[in-house]
Each structure stands twice: as C-alpha cells, then as structure tokens.
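Let me begin by presenting the structure, written as structure tokens, before commenting on it.
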Amino acid sequence: MSSETQRLVGELLVSSAVSVGSSSFSSSQGDKQLLPAGNKEKSVSVLEIDSAKERLNAELKAKQEKMKDSADVKAMWSFREKLPAFKVKAEFLKAMANNQVLVVSGETGCGKTTQLPQFILEEEISSLRGADCSIICTQPRRISAISVAARISSERGEALGETVGYQIRLETKSSADTRLLFCTTGVLLRRLAQDPKLTGVSHLLVDEIHERGINEDFLLIILRDLIPNRPDLRIILMSATINADLFSKYFGNAPTLHIPGLTFPVAELFLEDVLEKTHYNIKSEFDNFQGSSRRRRKQQDSKKDPVTELFEDVDIDSHYRSYSRSTRESLEAWSGSLIDLGLVESTLEYICHHEGDGAILVFLTGWDDISKLLDKVKVNHLLGDQSRILVLPLHGSMPTVNQREIFDRPPPGKRKIVLATNIAESSITIDDVVYVVDCGKAKETSYDALNKLACLLPSWISKASARQRRGRAGRVQPGVCYRLYPRIVHDAMLQFQLPEILRTPLQELCLHIKSLQLGAIGSFLSKALQPPDHLAVQNAIELLKTIGALDDKEDLTPLGRHLCTLHVDPNIGKMLLMGSIFQCLTPALIIAAALAYRDPFVLPINRKEEADEAKRSFAGDSCSDHIALLKAFEGWKEAKRSAKERSFCWENYLSPVTLQMMDDMRMQFLNLLSDIGFVDKSKGPSAYNHYSNDLEMVSAILCAGLYPNVVQCKRRGKRTAFYTKEVGKVDIHPASVNAGIHLFPLPYLIYSEKVKTTSIFIRDSTNISDYALLLFGGNLVPSKSGEGIEMLDGYLHFSASKSVLELIRKLRGELDKLLNRKIEEPGLDISSEGKGVVAAAVELLHSQNVHY
DNA sequence: TTCTTTCTC
C-alpha cells in the first residue's frame with residue numbers, strides 16, 4: 001500500500017469518526033425512520049424529538065441492563081465468553097470506531113456472525129445511542145438469516161423480532177423496536193432501489209463475502225461508491241481468513257481484524273494414505289493397459305483439466321517411494337476424470353471397521369453418484385450388518401432433503417452415512433459428522449459467452465472448498481478427512497472458486513444496475529472485484545435489447561422500467577406482464593413462480609419412472625413442461641382445499657415446501673403487477689383470465705415471455721431433430737415431458753433453460769406454432785430474398801402467400817400498438833378497444849399451422 | 001437418456 005493512499009484513507013476515517021455518535025451530526029433522514037414523519041416539519045419539534053430520543057436511549061439501556069441479570073442470559077453469557085470472537089471484542093469495537101470500513105476474517109466456529117453484530121448493538125445501547133442505532137447484517141442464504149437472528153435473540157433473552165429480527169423474501173420478523181436486522185443480500189439489494197443511501201442505517205455487516213456470490217460482489221461495488229456519501233455509515237466485511245486481503249485492498253487497504261477459529265482438529269489423509277489403509281486396487285480405465293508396466297496412457301480427452309494433467313507427469317515410483325507396491329500401482333492407474341465409487345465404498349468399509357463411532361459425510365458430485373453408491377452399498381454388504389448402518393442421500397432435489405433423519409443422532413450402535421452433494425458444504429450442517437470422505441469434485445456452472453451457453457460440469461473444487469469440506473468433520477469432536485485424490489492434486493487446485501459473477505449469464509444483474517441508476521452497465525461492472533468478460537456483458541445487454549427492456553442507448557424502455565419492479569429474470573417478468581395484458585394472468589403467475597424459484601417436482605431415487613410418469617400425466621397431450629407445472633400446482637391447490645395435500649404431493653412426487661413458496665410468490669407477483677397498474681385487484685381474478693384455459697393462448701404468452709429461447713423442430717424421417725440459433729443441434733432433457741416424443745404437432749419449442757452437461761439439453765419446453773412466434777415473438781423482418789418474413793436475425797424464416805403474410809403483419813402491428821399503449825399507460829383499460837385484435841389473434845392461434 | 005447451489009422491497 002502506498003503511503004499516500006494510507007494517509008488519505010486515514011484522513012477519511014478520522015473525519016468520518018467524528019460524525020458517529022454525535023447526535024447533532026447524525027442525519028435528519030435517520031430520524032425520519034424512527035419517529036413519526038409529522039415531527040420533522042417545525043423547528044420547535046426538534047427539541048421534542050431530542051428529548052423523546054433521549055428517553056428512548058435511556059429506556060433501551062435500562063432494558064438491556066435488566067436482561068443481563070436474567071438466568072437465561074447469564075447461562076448464554078458463559079457460552080459466549082468462550083468464543084474466540086469474545087476475546088477480540090474491545091479491539092473490534094475500537095477498530096470499528098476508528099475506521100469506516102473494517103474487514104474481519106475468521107474461521108468457522110469463531111463466533112463472528114453471532115457475536116460481532118451483537119457487540120455493536122450492546123455497545124450502542126449502553127452508550128445511549130440505541131435510538132439512532134440501526135444495524136443490518138446480510139447473509140447469502142435465507143436459512144442463515146433466520147437461524148442467526150434466532151440465536152442472538154435467545155442470547156439476549158428476547159423473543160425473535162424484538163430488538164433482533166430478520167427479513168427474507170416473503171417473510172419478515174421484525175418490529176419498530178428492531179435495531180439489528182438480519183436479511184439476505186438479495187433483500188438489501190432490493191431495498192437499495194427505494195433507499196440508495198441506506199438512510200438511517202448506522203452499521204452494515206456483509207457476511208460470507210469469501211463465497212463470492214454474485215449478490216455480494218454486486219453489493220460491494222455499490223458500497224465502495226456509497227462510502228464517500230455516507231461518512232457516518234460503518235461497514236464491516238466478514239470473510240473466511242483465506243482471502244480477506246483481497247477485500248481489504250478493494251476498500252483502499254481497510255484494516256483487517258483476524259479471529260482464530262474454534263473447531264476440533266481434523267486429520268487429513270490423501271489418496272496415497274487412503275490406499276495404504278484400504279489396500280484398494282484402482283483399475284485403469286483402459287483395460288488393455290492393466291498389469292502392463294508401461295507408463296499410464298495420457299487421457300485422449302481433449303477437455304482434460306490441468307489438475308489431472310499435472311498428475312500424469314508425476315513419476316509415481318520415485319515420488320511415492322515409501323509407499324507399498326499395491327498403492328503405487330493404484331496411483332499409476334488412477335485417473336482424475338471419473339469418480340471411483342469402489343474406492344469410496346472401500347473407504348467407508350475401512351472407517352466402519354477401523355474407526356470409532358461417528359457419522360460419515362461423503363461429498364459426491366450429483367444425483368447419479370449418490371444413487372449408484374447407495375445401490376452398491378446395499379448390494380455389496382461391505383459395511384457390515386445392514387441393521388447397523390443408516391445410509392441417507394442428501395441432494396437439493398431429492399425428497400429426503402427435508403427429512404429430520406439427516407440431522408438426528410442415530411440410535412446407539414448405528415452409524416449414519418450421508419451421501420451428499422455440495423449442499424452439505426455450507427447450506428446444510430450435520431453436527432455429528434466425524435468423518436468426511438471427499439471426492440474432490442463438484443458440479444459447477446460456467447458461462448460460455450461465445451456460444452451464450454450455460455454449462456454444468458463436474459470439476460475440481462478449490463482449496464477453499466476442500467478446507468470447508470474438511471471442517472465439516474470437526475464440529476463435535478476431532479475428526480478425520482479422507483481425500484480421494486493425491487496430495488499433489490490438492491496442491492494444484494485453485495485457491496478459490498471463480499466468483500459467481502464470472503460464471504453466470506448477467507441479464508438480471510444488468511437490469512438491476514439500470515434499475516438502481518448506477519450508470520452505464522459496462523463502466524459500473526468494470527469496478528467489480530473481478531469484472532466480468534466484456535462479451536458476457538454484451539450478451540446480457542443484447543438480450544435486454546431483444547426483449548425490449550433497453551433501447552439502443554442502453555436506457556430503460558417503459559417495458560424495462562416495469563421489469564425492474566418485478567425483480568425476476570427479465571424474461572419471466574415479461575411473461576407476467578404479457579399474461580396480465582392478454583388475459584392469462586393465473587397461468588402466467590404460477591408458471592413464472594415455478595421458473596423463478598425452482599422445480600416443484602422432486603427426484604426420488606427408487607421411483608424415477610413413476611415420478612416421470614406423474615409429470616407426464618399432468619402435461620397430458622400439451623407437449624409442455626410448463627403446462628405440467630401449472631396442472632400440478634392447480635392439483636395441489638385443489639388437494640389442499642380437501643386437506644389431502646400430503647398424499648397428493650407424495651403420490652405425484654411434488655415438494656410441498658416448493659409449492660407453498662410458489663403460492664406465496666404468485667401472490668407477490670400479483671401485488672407487484674397491481675402496484676404498477678397492470679392489475680386492478682378490485683375487479684377480481686375473472687377480469688384477467690379470459691384465456692387462462694386456452695392452451696394456445698397460454699403457450700403464446702409463454703412464447704412472448706421466453707423469446708428468444710426458440711428451438712426449431714425439424715423432421716428427420718420418423719424422428720425429430722432440434723436446433724437453436726446459438727449452438728445448433730440440441731437435445732430435449734430426458735426429464736422433460738417432451739423427451740421421447742418423436743413427432744410434435746407444432747414446429748417450434750420455446751424454453752427457459754438450456755444447459756450443457758453431457759450434451760446440450762433443453763430442460764423445459766413448450767411446443768408452439770409459428771403463429772405464436774409471428775404474433776408474440778421477435779420483430780418481423782421482411783426476407784431479403786423476396787417473399788416471406790424473418791426473425792432472430794434471419795435464423796427463422798416464415799413463408800406463406802403474400803396475402804396471408806400481409807394479414808399477419810397487419811395483425812401484429814395492431815397487437816404491438818395495443819401492447820405499447822398499455823405499457824406506456826398500464827392503468828388504461830384496453831379490453832374494449834383490444835377485443836377485436838385479441839380475438840383475431842386467438843383465432844389465428846387456433847387455426848394451427850399448415851407448413852409443418 | 002439425466003437432474004451443483006443460491007436469491008429478490
């Protein structure tokens with residue numbers, strides 16, 4: 001750090017330290033939030049406010065002092081005192097008083113999340129600043145916001161929602177008394193739209209920033225720009241130790257405070273050690289080389305990763321000289337490209353027979369590994385008496401994900417073995433784990449900006465993740481971590497995972513930047529910790545232009561402004577608007593909720609076919625995953641009315657938790673549409689659902705929302721092949737109701753998600769006609785080659801007689817005119833003037849098409 | 001022939 005910077009930072013911090021705590025300097029806006037708005041007008045009332053505030057300050061302090069004497073709080077206190085965070089309390093408060101930005105690093109178990117916000121709260125209240133104190137602490141996940149708030153409330157001997165509360169989407173527990181609020185980062189980002197300067201907030205803590213989630217990275221850019229305008233705001237960034245420096249540098253070398261961790265030691269074994277213990281014999285993937293003394297054959301795969309490649313160059317015999325011959329042979333045969341489930345099983349067998357009691361947590365990559373290992377364990381009986389083990393799968397989409405069994409301690413003499421994805425890395429914590437088996441890989445999204453393609457491929461985890469996985473074994477007693485990859489491979493792993501902002505499509509983020517008026521998208525994003533690729537940003541901007549949210553100058557259009565208030569993916573937002581305008585409101589709300597949240601269909605391990613069949617039966621002959629979602633939801637609502645919710649979900653492989661969230665989100669969307677004038681709730685649902693049972697019209701609304709995600713279905717004899725503009729040939733995902741359909745009644749599919757895994761898959765789709773595209777898709781462009789109409793930069797071509805084309809163009813023109821008027825002036829009632837045009841469109845949609 | 005994980009006034 002240059003001394004000049006240091007001096008400037010120091011000056012900034014000193015000057016800002018003055019304003020905190022001195023009530024005459026605290027912003028008048030801060031008072032607004034805590035006192036009735038009427039009080040601020042007259043100058044006389046300033047005195048009243050001051051005295052009222054003084055009373056409140058004293059009251060809060062008295063209450064806090066009183067609570068400290070209660071037996072419960074005292075018991076909590078003795079626990080709190082033992083946390084490492086407690087030892088740095090004075091140092092922390094001092095650093096915070098002297099610096100506007102502070103980075104706190106600490107390992108799991110140090111108590112930073114529960115103690116630091118609490119220290120601030122206690123300090124502010126006991127210094128008679130409780131009235132003006134408003135602390136916000138962001139969490140990346142909903143569950144942690146709730147559980148941390150609950151924990152602190154009980155440490156203070158209060159009910160949740162009094163001084164300490166939380167706010168997550170559609171769920172708030174707070175009151176006028178709340179001085180410390182835990183919220184998800186997403187909630188804070190939305191709040192910034194109303195309140196760009198975080199008025200009235202005295203302290204902001206941003207937790208888990210080392211995870212490098214897109215929301216946290218986004219928030220950090222905003223905060224760095226906000227600091228000069230809010231000198232009285234204190235910002236505390238909380239990170240794991242491993243990359244705290246990065247954040248300190250980003251904030252002009254902000255001081256860093258380190259808190260040591262408090263977890264039990266976890267011994268670490270790498271593949272070479274595991275092989276010595278288990279004597280497992282790794283067989284080469286290339287059978288013809290088995291037993292041969294020849295050097296391992298290098299993988300032919302062009303996509304081989306640098307980590308695996310590195311190990312191929314290691315001279316096994318010399319590097320592992322001290323290891324047994326069988327271990328060296330196994331290492332010789334080892335290839336990092338596939339997970340060896342035999343090795344996993346053998347490791348589990350070793351733990352069961354040679355290690356003490358305690359649950360085992362196995363990190364695998366996904367559904368397939370988990371399912372196969374589960375089968376293997378059941379068939380092979382290597383782990384001893386089946387009655388003495390309890391093997392549980394843990395995957396975000398498996399129906400077991402919410403089962404208590406995973407958290408409960410098993411009965412004595414029974415060993416719990418959890419086979420998990422990286423959901424168990426930070427989202428789900430199983431306390432009694434003593435042994436971790438780490439395969440070293442995880443499925444990870446990446447974004448291929450050249451092909452505008454999201455990818456989901458297994459790859460080596462980072463050292464940071466490896467450390468996090470290991471830590472899962474040391475929560476209740478010392479543990480052991482079995483790494484199923486060599487130490488050399490571990491040493492070659494990346495320090496951290498690539499930040500999410502570099503791995504995801506950016507349209508939602510770009511819209512959010514425009515919505516918060518943070519300047520030009522490109523220049524704003526260039527200020528990020530790690531700015532995303534220019535092409536990725538351009539793709540997002542292009543998409544926003546294509547759907548009509550941004551104009552040529554990258555300014556928000558009227559449509560774009562509406563999409564900002566809906567805070568969903570812009571395509572889904574457009575679906576909502578179109579559904580409300582074209583009388584398909586209820587289906588649009590439900591389908592949008594499912595797409596914005598998650599698929600309510602679960603993925604059971606043993607009843608996959610039954611689950612697929614249930615989904616197919618909801619779809620009927622619609623050729624639409626979206627209709628299946630809609631019907632499943634409607635069925636659930638119906639079952640709920642007759643109190644048969646549980647059996648309905650069970651029989652149809654649906655997640656009640658997800659359906660409930662969809663129901664809540666549906667209501668939120670309705671309220672937002674009402675806020676921006678697209679729906680008048682007093683008119684009742686029937687005023688917006690005239691075409692809700694019309695499959696063609698609902699499909700057309702899906703098309704309007706999901707465009708330009710179009711697939712062309714091309715007949716190839718008795719089968720159909722599928723193509724998209726960006727990547728050419730694609731496949732229908734096998735879980736889609738459209739998988740296995742050889743001939744579709746209509747020539748196009750519209751989809752919301754395209755992902756490259758083992759192939760490029762369309763995950764969800766709806767079969768639509770060319771009329772749907774012509775009336776509700778992209779702009780119509782006359783073909784250069786004379787007759788016909790083009791769309792998607794000429795990728796789609798529509799031909800028909802001149803008179804038909806003219807009719808379509810005219811109708812489309814009328815529809816667009818209607819739509820634009822409505823979007824410019826949402827309160828406008830277009831039902832009578834639009835009746836004729838819409839009826840004509842519906843008629844055309846019903847006539848199907850003749851060209852396919 | 002397949003299903004990492006988060007999140008929104």
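All values below were derived from every heavy atom in this structure, side-chain atoms included, with hydrogens, water molecules and symmetry-related copies excluded.
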For [X], report the nucleic acid contact type (base, sugar-phosphate, nothing); a contact means any heavy atom under 4.0 Å.
X       : answer
R169(A) : base
I168(A) : sugar-phosphate
Q167(A) : sugar-phosphate
Q668(A) : sugar-phosphate
Y597(A) : base
S426(A) : nothing
S759(A) : nothing
G213(A) : nothing
L189(A) : nothing
T445(A) : base

So, is [X] near the phosphate of [N], with a side-chain N or O under 4.0 Å from OP1 or OP2?
X       : N      : value
R141(A) : dT5(B) : no
T421(A) : dT5(B) : yes
H512(A) : dT8(B) : no
T184(A) : dT6(B) : no
H733(A) : dC3(B) : yes
T185(A) : dC7(B) : no

Whole angstrom value for the distance that separates [atom2] of [N] from [atom1] of [X]:
X       : N      : atom1 : atom2 : answer
L603(A) : dC3(B) : CG    : P     : 10 Å
F218(A) : dT6(B) : CZ    : C1'   : 16 Å
I214(A) : dT8(B) : CD1   : C1'   : 13 Å
H742(A) : dT1(B) : NE2   : P     : 12 Å
R763(A) : dT2(B) : CZ    : P     : 12 Å
L457(A) : dT5(B) : CG    : C1'   : 15 Å

Cut-off 3.5 Å, side chains only: do [X] and [Y] have a donor facing an acceptor?
X       : Y       : result
T429(A) : R472(A) : yes
K443(A) : N422(A) : no
D612(A) : Y653(A) : no

Looking at the side chain of [X], which of [options] is the nearest nucleotide?
X       : options                : value
R598(A) : dT2(B), dC3(B), dT6(B) : dT6(B)
K443(A) : dT6(B), dT8(B), dC3(B) : dC3(B)
E500(A) : dT6(B), dC7(B), dT2(B) : dT6(B)
H567(A) : dT8(B), dT5(B), dC3(B) : dT8(B)
Q194(A) : dC3(B), dC9(B), dT5(B) : dC9(B)
T758(A) : dT8(B), dC3(B), dT2(B) : dT2(B)

Is there a donor N/O on one and an acceptor N/O on the other, under 3.5 Å, for the side chain of E444(A) and the base of dT5(B)?
no
Judged by nearest nucleotide, the residue sitting upstream toward the 5' end of DNA chain B, M665(A) or G366(A), is G366(A)
Donor-acceptor pairs under 3.5 Å, side chain of residues 601-609 of chain A to any protein atom, not counting sequence neighbours: which ones?
none

- Message: Counting only heavy atoms from other residues, nucleotides and ligands, does the tally under 6.0 Å from NZ of K631(A) exceed 12?
- Response: no
Discussion item. Take a 6.0 Å sphere around CZ of R719(A) and say whether it holds more than 12 heavy atoms from other residues, nucleotides or ligands.
Written reply: no
| Restricting to pairs with a member in residues 652-671 of chain A, which pass salt bridge (Lys or Arg N to Asp or Glu O under 4.0 Å), not counting sequence neighbours? |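 For residues 652-671 of chain A, and leaving out neighbouring residues, the salt bridge (Lys or Arg N to Asp or Glu O under 4.0 Å) pairs sorted by first residue read K637(A)-D663(A), D663(A)-R666(A).
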